[in-house]
Amino acid sequence: MGSGLLSSAPLPRGFFDRPSPEVGPDLLGRVLVHGPVAVRLTEVEAYGGPGEDPAAHTYRGKTPRNAVMFGPPGHLYVYFTYGMHFCANLVCLPEGHGAAVLLRAGQVVAGAEVARARRSGGRPVAERDLARGPARLAVALGLGREHNGLDAVGRGPAGAPGRLSGRPAGAAVVLEGSPPEPGAIRSGPRTGISTAKDTPWRFWIDGDPTVSPYRAHVPRRRNSAATSVGEAPRS
């Protein structure tokens, strides 16, 4: 399955130039490639714009932290949360609007050994757990603070659009991949947030083993790590 997915065409920028609740379910089955690792997305969460979605980082407007979300669509918004994790999003809507889709989970379809080494230093990790959850997905793909703002609308080398071979080091691209049948897509409340918690903007492929378990928000005791980032919305 991997070779066919990796030879599929890159998604155009216009794909992301839509409201995040429309982009979210359409991202399922697509493949995000970063360096030697590729992940087929199986679970995402959409977050709206300023004044629209209290759970979004952009709810109160543009800041230095969320500036990438107000940039062109198709770029990665990577943020640090709870003093220990990075999470990756794909920016939606035209420049200036401030919306994105959080990448929650996926199946590693290329570079599994690299992803496993990043996740555990080479110790055994079940295949379904390599990118199961937003922090694990970011680690598996090697995404960190330095990749905030990276353009994920790329072109493969001439004659081989979207292939891993020949791509510049550190480049990112979202490929067409293999979307699921519409009947296999499920939606429900977003995970682990306290505001707008019932908004059904979490989307996943039904029955896929890499989808992360749903967890309702549980109030956390504030400590030095949590205080440094606040109760971070997910996108």
Side-chain angles (χ1 to χ4, degrees), residues 1-12 15-16 23-45 74-76 78 85-90 101-144 147 150-157 159-186 202-213:
M1 182 175 71
S3 60
L5 295 175
L6 297 176
S7 63
S8 61
L11 293 177
F15 175 93
F16 301 96
V23 175
D26 282 355
L27 274 173
L28 297 174
R30 314 298 186 169
V31 177
L32 175 58
V33 181
H34 180 240
V37 177
V39 172
R40 180 177 182 260
L41 300 173
T42 59
E43 180 189 8
V44 300
E45 283 179 345
H75 287 244
L76 284 168
V78 182
H85 299 308
F86 287 101
C87 295
N89 305 253
L90 284 163
V101 174
L102 172 67
L103 310 180
R104 283 201 53 86
Q107 175 192 7
V108 176
V109 295
E113 291 309 311
V114 174
R116 185 171 287 108
R118 288 170 174 168
R119 283 284 328 283
S120 65
R123 294 189 301 274
V125 177
E127 183 178 347
R128 77 171 193 170
D129 290 330
L130 286 175
R132 189 176 185 229
R136 291 174 175 179
L137 183 147
V139 171
L141 283 164
L143 295 172
H147 301 109
L150 185 66
D151 193 355
V153 177
R155 295 181 179 178
R163 293 185 185 276
L164 283 174
S165 59
R167 296 195 58 78
V173 67
V174 184
L175 307 178
E176 287 182 350
S178 177
E181 293 294 327
I185 296 176
R186 298 289 181 266
R202 173 177 169 251
F203 306 96
W204 68 95
I205 300 175
D206 189 36
D208 193 287
T210 65
V211 173
S212 64

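In what follows, every heavy atom counts, from backbone to side chain, and hydrogens, waters and symmetry copies are set aside.
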Exercise for the section: Please check if any side-chain donor atom of E43 sits under 3.5 Å from a side-chain acceptor atom of S212, or the reverse. Expected result: yes

Handout entry: side-chain contact (heavy atoms from CB on, under 4.5 Å), paired with V37, selected from L130, L141, L32
Key = L141

Practice task
Quick one: list whatever passes salt bridge (Lys or Arg N to Asp or Glu O under 4.0 Å) with D208, sequence neighbours left out.
Solution key: none

Practice task
Could you tell me the separation between the OG1 atom of T42 and the CG atom of L137, rounded to the nearest 0.5 Å?
Solution key: 8.5 Å

Handout entry: Heavy-atom side-chain proximity of V39 to V108 below 4.5 angstrom
Key = yes

Exercise for the section: Determine whether L143 and F86 make a side-chain contact, defined as any pair of heavy atoms from C-beta on separated by less than 4.5 Å. Expected result: no

Exercise for the section: Report yes if the side chains of R186 and V211 come closer than 4.5 Å at any heavy-atom pair, otherwise no. Expected result: no

Completion exercise
Taking every heavy atom of A172 against every heavy atom of L150, the minimum-distance pair comes out as CB-CD2, 3.5 Å

Practice task
Return the set of residues passing salt bridge (Lys or Arg N to Asp or Glu O under 4.0 Å) with E113 (not counting sequence neighbours), or none when no residue passes.
Solution key: R116

Problem - Side-chain heavy-atom pair I185, P180 within 4.5 angstrom cut-off - result: yes

Exercise for the section: Not counting sequence neighbours, which residues clear salt bridge (Lys or Arg N to Asp or Glu O under 4.0 Å) with R30? List them please. Expected result: none

Exercise for the section: Flag the pair W204 / T210 as yes when at least one side-chain heavy-atom distance between them is below 4.5 Å, and no otherwise. Expected result: no

Completion exercise
One should read off an interatomic distance between L41 CG and L90 CG, to the nearest 0.5 angstrom, of 7.5 Å

Problem - Which atom of H34 lies closest to which atom of G142, heavy atoms considered - result: CE1-O, 3.6 Å

Problem - Residue pair F15, V174: steps toward the side chain to side chain contact (heavy atoms under 4.5 Å, CB included) verdict - result: CA-CA 10 Å; F15 175 93; V174 184; over 6 Å; no

Handout entry: Under 3.5 Å donor-acceptor, R40 side chain and S178 backbone
Key = yes

Handout entry: Side-chain heavy atoms of L175 within contact of L5, under 4.5 Å
Key = no

Exercise for the section: Please report the shortest heavy-atom distance between P10 and V173, naming the atom on each side. Expected result: CB-CG2, 3.7 Å

Handout entry: Closest non-hydrogen atom pair, D151 against G74
Key = OD1-O, 3.7 Å

Practice task
Please check if the side chain of S7 supplies one atom and the backbone of G4 the other of a donor-acceptor pair under 3.5 Å.
Solution key: yes

Exercise for the section: List the atom of A88, the atom of L102, and the distance in Å for their closest heavy-atom pair. Expected result: O-CD1, 3.5 Å

Completion exercise
Shortest non-hydrogen pair, E176 vs S8, comes out as N-OG, 3.5 Å

Handout entry: side chain to side chain contact (heavy atoms under 4.5 Å, CB included) between R104 and V44, worked out
Key = CA-CA 5 Å; R104 283 201 53 86; V44 300; 5.7 Å; no

Exercise for the section: Go through F203 and V23 one step at a time and tell me if the side chain to side chain contact (heavy atoms under 4.5 Å, CB included) criterion holds. Expected result: CA-CA 10 Å; F203 306 96; V23 175; over 6 Å; no

Exercise for the section: Taking the side chain as every heavy atom from C-beta outward, state whether I205 and Q107 have any atom pair closer than 4.5 Å. Expected result: no

